[in-house]
A.B. asks: 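Got a structure for you, written out below as structure tokens; questions coming shortly.
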Amino acid sequence: MSPVKRSWAEPFKIKMVELLKMTTPAQREKAIKEAGYNTFLLKSEDVYIDLLTDSGTSAMSDRQWAGMMRGDEAYAGSQNFYTLEKAMNKYYGFNYLIPTHQGRGAENLLSQIMIKKGDIVPGNMYFTTTRLHQELAGGTFADIIIDEAHDSQNLYPFKGDIDLDKLKALIKKHGAKKIPYVCVAVTVNMAGGQPVSMGNLKALRKLTRQHGIKVMLDMTRIAENAYFIQQHEKGYSNKSIAAIVKEICSYTDGGTYSGKKDALVNIGGFLVLNDKHLFEEASNLVVVYEGLHTYGGLAGRDMEAMAIGIQESVQDEHIKARIGQVLYLGDKIQEAGIPIVLPVGGHGIFLDAKRFLPHLKQTQFPAQALAAELYADSGVRTMERGIVSAGRNKKTGNHYFPKLELVRLTIPRRVYTQAHMDVIAESVQHVYDNRKKIKGLKMIYEPRYLRFFQARFQKL
Ligand code: F0G
């Protein structure tokens with residue numbers, strides 16, 4: 001007899017619920033048409049299951065809400081700052097903390113204090129806001145992720161890894177002085193939430209040390225990355241998520257953090273650094289953009305909730321259930337033979353729109369059309385991550401044609417149930433069964449910056 005299968009389940013129970021509006025197909029057809037077939041332009045009240053993002057959409061715990069009541073709203077030296085500093089130091093181990101209103105606030109500070117005009121900033125695939133801040137500071141982003149990351153069907157378990165040969169080639173070409181730091185995202189959002197291995201981080205530390213180059217983390221989903229290391233990297237199966245998270249940080253010099261993901265808060269972020277001089281520069285600059293260095297654009301209560309969220313985020317049972325839910329949905333969709341990015345990453349399922357809708361050309365915006373269709377089918381809101389998100393080449397004015405043309409089904413933490421996952425999988429299946437009827441789109445309004453947020457479309 002085979003042993004009984006033991007399932008994961010959430011290590012919490014539900015104390016309060018938020019009621020949702022149920023809509024009819026006719027209402028959804030109208031809503032998505034009025035939104036110019038852009039899911040960013042839908043009203044949230046017209047959405048049933050919101051998979052637009054996992055950013056700021058998590059459910060806080062009763063402990064976090066209790067922490068909100070302990071907000072010390074002093075302009076300077078709030079108690080909550082010191083609580084956050086202590087939690088950061090305990091779980092991430094960096095010397096210095098500068099709070100910011102969210103991740104991109106920290107990206108702005110880091111870019112401004114470290115990047116000079118003409119610098120090259122290598123990273124494991126771009127992220128929209130990260131790259132923009134690097135460019136605004138005068139730097140040029142260089143993608144040094146391994147080639148496997150660009151192939152949606154490659155099953156390598158650490159597709160977020162850095163290709164050290166690509167980094168060596170950059171150092172050879174430009175010289176180490178032109179490279180202020182390597183930016184390492186854990187996990188890699190645009191590749192499908194793919195993790196970086198510890199072995200890769202160690203090797204990167206060794207190489208960069210030889211050349212005097214710093215390593216800065218994008219720590220946004222670090223606990224999720226740690227889970228993949230624990231599950232798939234040799235030597236880590238008996239280590240706790242907390243220990244793995246701390247080890248990741250130990251191979252770096254600092255990082256930026258969006259508390260809106262791992263740390264289970266609706267707003268907040270920070271910059272962390274080990275170097276005293278850099279810290280002094282950043283704490284001087286933060287007062288210009290965010291607020292005093294002991295609140296950085298956050299209320300005291302937000303810092304308290306984030307400190308508690310950090311502690312909750314590195315609990316093994318929490319992360320097992322969080323990623324367990326993502327994998328559950330991924331398995332269901334994959335078993336139905338629907339093309340998705342493999343292996344399934346930490347924060348969502350990414351549908352491969354090129355293979356889902358092979359009858360559409362990339363200039364007919366297949367991922368955009370698919371996201372609109374999913375909403376019309378079931379009220380599930382997803383996000384395009386393809387040609388619309390990639391934007392245009394500033395010099396030629398032509399579209400970038402990214403290899404990955406994806407629809408992201410991002411799972412908020414502690415918000416939806418397994419039954420919701422079933423409803424989502426059924427909707428994807430239904431749309432897939434009727435995929436041949438799906439028409440492409442024409443862009444009728446195109447904003448100049450980050451066009452995916454506000455572009456409008458018409459059905460062809
Ligand atoms: N880095 C990564 C990898 C991110 O995914 C995000 C945000 C940021 C930095 C910026 O942080 O939003 O707090 O300013 N990602 C969100 C998303 C917006 O939907 O993937 P932020």
Side-chain angles (χ1 to χ4, degrees), residues 38-40 44 50-58 98-111 121 123-136 141 143 145 149 159-160 183-196 216-225 248 252 254-272 286 289-290 296-298 302-303 305-306 309-310 313 326 341 345-350 367 371 381-386 388-390 404 406-413 415 449-450 452-454:
N38 185 345
T39 52
F40 277 100
S44 139
D50 204 347
L51 309 183
L52 189 70
T53 176
D54 64 329
S55 181
T57 53
S58 299
I98 295 174
T100 57
H101 76 283
Q102 57 183 78
R104 66 198 72 179
E107 291 169 353
N108 175 35
L109 298 178
L110 181 70
S111 301
V121 191
N124 51 348
M125 204 174 262
Y126 83 101
F127 184 71
T128 51
T129 57
T130 320
R131 182 176 68 184
L132 191 56
H133 280 300
Q134 291 164 356
E135 289 172 354
L136 290 171
F141 167 79
D143 191 1
I145 201 165
K159 279 160 86 174
C183 177
V184 187
V186 287
T187 57
V188 183
N189 190 352
M190 299 304 271
Q194 303 297 329
V196 180
M216 293 294 171
L217 277 180
D218 178 339
M219 302 162 65
T220 295
R221 296 179 183 87
I222 191 168
E224 293 175 7
N225 198 112
I248 294 174
T252 72
T256 54
Y257 190 77
S258 169
K260 300 172 73 174
K261 285 82 168 174
D262 261 9
L264 302 155
V265 286
N266 306 116
I267 196 73
F270 52 69
L271 172 66
V272 283
V286 71
Y289 292 101
E290 307 277 326
L298 294 173
D302 297 328
M303 292 190 280
M306 186 153 57
I310 288 172
S313 79
V326 175
V341 174
H347 64 306
I349 310 302
F350 291 67
R381 169 156 70 171
T382 59
M383 184 196 289
E384 192 264 8
R385 292 271 85 150
V388 185
S389 294
L404 298 177
L406 309 174
V407 173
R408 187 178 76 170
L409 283 64
T410 342
I411 313 297
R413 296 164 189 78
V415 171
Y449 306 109
L450 301 174
F452 57 95
F453 284 127
Q454 289 141 344

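Just so you know, ligand 1 is whichever comes first in the structure, and atom 1 is the first atom listed for that ligand. Position 1 is the first residue of the sequence, and the numbers go up from there. Note that the coordinates shown come from a computational prediction; the quantities given were computed from them, not determined experimentally.
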A.B. asks: Tell me which residues fall inside the under-4.0 Å heavy-atom shell around ligand 1.
C.D. replies: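 Within the 4.0 Å shell of ligand 1, which is judged on heavy atoms, sit T53, S55, Q102, G103, R104, E107, F127, T129, N189, D218, T220, R221, S258, K260, K261, R408.
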
A.B. asks: side-chain hydrogen bond (donor to acceptor under 3.5 Å, both in side chains) for N189 and R385? Distances and angles first, verdict last.
C.D. replies: CA-CA 10 Å; N189 190 352; R385 292 271 85 150; 5.5 Å; no

A.B. asks: Can you list everything that forms a ring-ring contact (aromatic ring centres under 6.0 Å, His included) with F452? Sequence neighbours excluded, please.
C.D. replies: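 By the ring-ring contact (aromatic ring centres under 6.0 Å, His included) rule, F452 matches F40.
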
A.B. asks: Salt-bridge test for D50 and R381: reply yes if a basic N is under 4.0 Å from a carboxylate O, no otherwise.
C.D. replies: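 Salt bridge between D50 and R381, a charged N being under 4.0 Å from a carboxylate O: yes.
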
A.B. asks: Could you tell me the separation between the CD atom of E107 and the OG1 atom of T256, rounded to the nearest 0.5 Å?
C.D. replies: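 Rounded to the nearest 0.5 Å, the CD-OG1 separation comes to 5.0 Å.
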
A.B. asks: Would you please test I411 and L51 for side-chain contact (heavy atoms from CB on, under 4.5 Å) and show each step?
C.D. replies: CA-CA 6 Å; I411 313 297; L51 309 183; 4.1 Å; yes

A.B. asks: For I267 and Q102, run side-chain contact (heavy atoms from CB on, under 4.5 Å): C-alpha distance rounded to whole Å, both residues' side-chain angles, the deciding distance at 0.1 Å, then the answer.
C.D. replies: CA-CA 6 Å; I267 196 73; Q102 57 183 78; 3.5 Å; yes

